[in-house]
Amino acid sequence: MVSKPRGTRDFDVAEMEKRRFIQKQMETIFKRFAYKEIATPTLEHLELFEIKSGENIIDELYSFKDKGGRDIALRPELTAPVMRFYVEKLQMETKPLKFYYFGNCFRYDRPQEGRYREFWQMGCELIGSCSPGAIAELIALAYHAIKKTGLINIRLRIGNLNLLEKQIRKAIPSSSLSDFSPALHTDIFRLIDKNDIESMEQLLKKYKSSPKQIALFKEFLQSNNIDDITNYFKDSTEAQTDIEDFKKMLDSLELFGVPTRDVIEMNIARGLDYYTGTVFEIEAPQLGAEKQLCGGGSYTLVPLLGGTEIPTAGFAIGFDRVMMTLERENYEFPFSSELIYVMSLDRDLDREVIKMASQLRYSGFMVDFDLMNRAISRSLKYANKIGAKKTIILGKNEWDQDKVVIKDMQSGEQQEVKKEELEAFLV
RNA sequence: GCCCGGAUAGUGUAGUGGCAACAUAUGGGACUGUGGAUCCUCUGUCUCGGGUUCGAAUCCCGGUCCGGGCCCCA
């Protein structure tokens, strides 16, 4: 027997119904925010992801040489492909560009709960503005889209990499700052992201950070309100713009209907190196280790791909995790079946069954009938099994009077209806 | 990539060295101008490869897949 590759999944009928429903819920919100759908290929040149994805993602790439000897990778995420698309084709479009996408992504990683080698991301990219209002709208979009799925227990966290970086620099003596710069993104950010405070301290010490500076920085990482943060930068003129923007963004966020109480967290860093400025995450606390549902922020990727510099921001939602969380919250997926089943009581009328099923299908109804020559009771049993809402029964007695029987499968009630009035009865 | 635990019919399980089984589902049938019930019945299973043994679903080694954790990330 051939089985599916490790870390991939088959989705049965019930699962697909749920997934499509949730996908549509989120797309509804994207559309209301005037985002439009785009799609990019599943395959990209390996180079696209090598350019600036961060070495950890490179390690996990599914890549291979194609028959023409090209280095090809299955996309591990969708931001870089969308930016590649923009640079290649869309740079002259009217700004801002608001795109959403839904697609499968691949990472060669150890599968475990909430993590697969093929997984689905749904996300948005905003090209043309990173104003505080634009970022606020983007965060609001992510928040409302996830809320729209029916999830109850989610947590929004917002940080700012510019302020974080400025504060790190303040923690290092100016004499060793130039030595330190290369380690900033790769090492310190990563340790902060991992919440590995001890290693972070070691690293700061290595660059001659004083105990006092370290203590101050650790306090900064814990700060969660805008006034405290403003205080840290009161004698730094260059940070004032960042502070002001951050405040404006939070204010707008309230206007977009997103509660901003306790959302600030200065210890949010990012695995992907191209993020700058505001970053945010939405997590489902009940999920444990793999609890992050959404990550996003502003980033600089276009110039690296050869395009003209332009503000860009976006987010990606881990679709599979949203589904997992909904299941965990015992979310009741709406079940609606409009299926109509057609059957006959006399074999003579079998041809009429096909004609009627076809007619109803032309009219737009979802219609099924027996393909296995079932006996009458079996046929009704089957109609029940497949969830038919109504069964149309063709019997000789009624047929001779141009009538059919409609049976409501829930109540069991049935009534005779004239053939020409049938469709009106089914609506 | 590392550590730990699993894998018996489509699904859920029992069997722990001696005939591979139960429930349920699927297909067929009984009933026959009416379904969710009942009864009968066919089909279908030890994750794969090696080893130990007279004999392996059972013990040992390895692979594959699944689950949990680490790393990392969505």
Side-chain angles (χ1 to χ4, degrees), chain A residues 1-10 12 14 53-61 75-79 102-123 142 146 190-191 193-196 199 269-273 275 281-284 287-296 314-325 341 343-349 370-400 404-414 416:
Chain A
M1 189 181 65
V2 181
S3 59
K4 60 186 163 26
R6 186 175 165 86
T8 62
R9 289 161 296 163
D10 296 317
D12 64 22
S53 274
E55 53 209 89
N56 28 42
I57 278 195
I58 300 296
D59 289 343
E60 296 173 359
L61 275 178
R75 58 189 179 194
E77 49 99 22
L78 281 158
T79 301
F102 178 62
N104 51 348
C105 298
F106 302 83
R107 290 186 198 172
Y108 196 90
D109 195 1
R110 176 77 169 76
Q112 62 184 64
E113 164 115 271
R115 189 200 300 176
Y116 304 94
R117 288 185 175 177
E118 183 187 26
F119 58 98
W120 273 260
Q121 273 194 353
M122 190 161 221
I146 289 180
R190 188 157 303 155
L191 293 174
D193 192 34
K194 273 159 64 176
N195 207 17
D196 186 350
S199 310
R270 255 307 125 76
L272 298 169
D273 294 347
Y275 281 96
E281 294 178 352
I282 296 174
E283 56 183 39
L287 242 49
E290 308 291 325
K291 67 183 175 187
Q292 197 182 324
L293 296 178
C294 171
F315 64 83
I317 293 171
F319 186 77
D320 308 282
R321 289 190 185 171
V322 170
M323 295 307 297
M324 264 178 63
T325 316
Y341 187 75
M343 61 180 279
S344 67
L345 300 175
D346 304 281
R347 284 280 110 101
D348 301 353
L349 292 170
D370 176 50
L371 293 173
M372 291 180 71
N373 262 314
R374 285 183 169 86
I376 295 162
S377 73
R378 286 271 168 177
S379 201
L380 265 173
K381 199 172 173 177
Y382 173 69
N384 184 59
K385 200 56 159 293
I386 61 178
K389 200 170 194 180
K390 296 215 163 86
T391 295
I392 298 166
I393 302 169
L394 311 192
K396 216 172 226 154
N397 301 343
E398 294 84 1
W399 193 256
D400 291 343
V404 294
V405 173
I406 298 183
K407 188 181 182 80
D408 183 295
M409 295 303 281
Q410 262 113 55
S411 63
E413 284 166 25
Q414 45 185 63
E416 290 185 14

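Proteins get letters first, then strands, A, B, ... in listed order; numbering begins at 1 in each. Side chains are part of it too, since the values below use all heavy atoms of this structure and drop only hydrogens, waters and symmetry mates.
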How would you label the contact of [X] with the nucleic acid (heavy atoms, under 4.0 Å): base, sugar-phosphate, or nothing?
X: A/Asp346; value: nothing
X: A/Asp320; value: nothing
X: A/Gly7; value: sugar-phosphate
X: A/Glu113; value: sugar-phosphate
X: A/Arg374; value: sugar-phosphate
X: A/Tyr382; value: nothing

Listing time: all N or O pairs from protein to nucleotides 7-13 of chain B that are below 3.5 Å?
none

With the side chain of [X] defined as its heavy atoms from C-beta on, choose the nearest nucleotide among [options].
X: A/Val405; options: B/C3, B/U34, B/G35; result: B/U34
X: A/Arg321; options: B/G27, B/U34, B/C73; result: B/C73
X: A/Leu380; options: B/G35, B/G28, B/C4; result: B/G35

Discussion item. For A/Ile376, give me all partners under side chain to side chain contact (heavy atoms under 4.5 Å, CB included), at least two apart in sequence or on another chain.
Written reply: A/Met343, A/Leu345
Discussion item. Less than 6.0 angstrom from the centroid, inside 45 degrees of the normal: does A/Arg117 satisfy that with respect to the ring of A/Phe106?
Written reply: no
Item to complete: Using only side-chain N and O atoms of A/Arg6, determine if any of them is under 4.0 Å from OP1 or OP2 of B/C66.
Response: yes
Item to complete: Answer yes or no: does a side-chain N or O of A/Arg107 lie under 4.0 Å from OP1 or OP2 of B/C73?
Response: no
Discussion item. I need the CE-P distance between A/Met409 and B/G35, as an integer number of Å.
Written reply: 10 Å
Practice prompt. Pick the C1' atom in B/U13 and in B/U53, then give their distance to the nearest Å.
Written response: 29 Å
Discussion item. Suppose we call a contact any N or O donor and acceptor under 3.5 Å apart; does that hold for the side chain of A/Glu398 and the base of B/G33?
Written reply: yes
Worksheet item: What is the glycosidic conformation of B/U52: syn, defined as within 90° of 0, or anti?
Response: anti
Fill in: Minimum side-chain heavy-atom gap A/Arg378-A/Asn373 below 4.5 Å
no
Worksheet item: Is A/Arg115 paired with A/Asp109 through a side-chain N to carboxylate O contact shorter than 4.0 Å?
Response: yes
Item to complete: Identify, with sequence neighbours excluded, every residue that meets salt bridge (Lys or Arg N to Asp or Glu O under 4.0 Å) alongside A/Arg374.
Response: A/Asp370
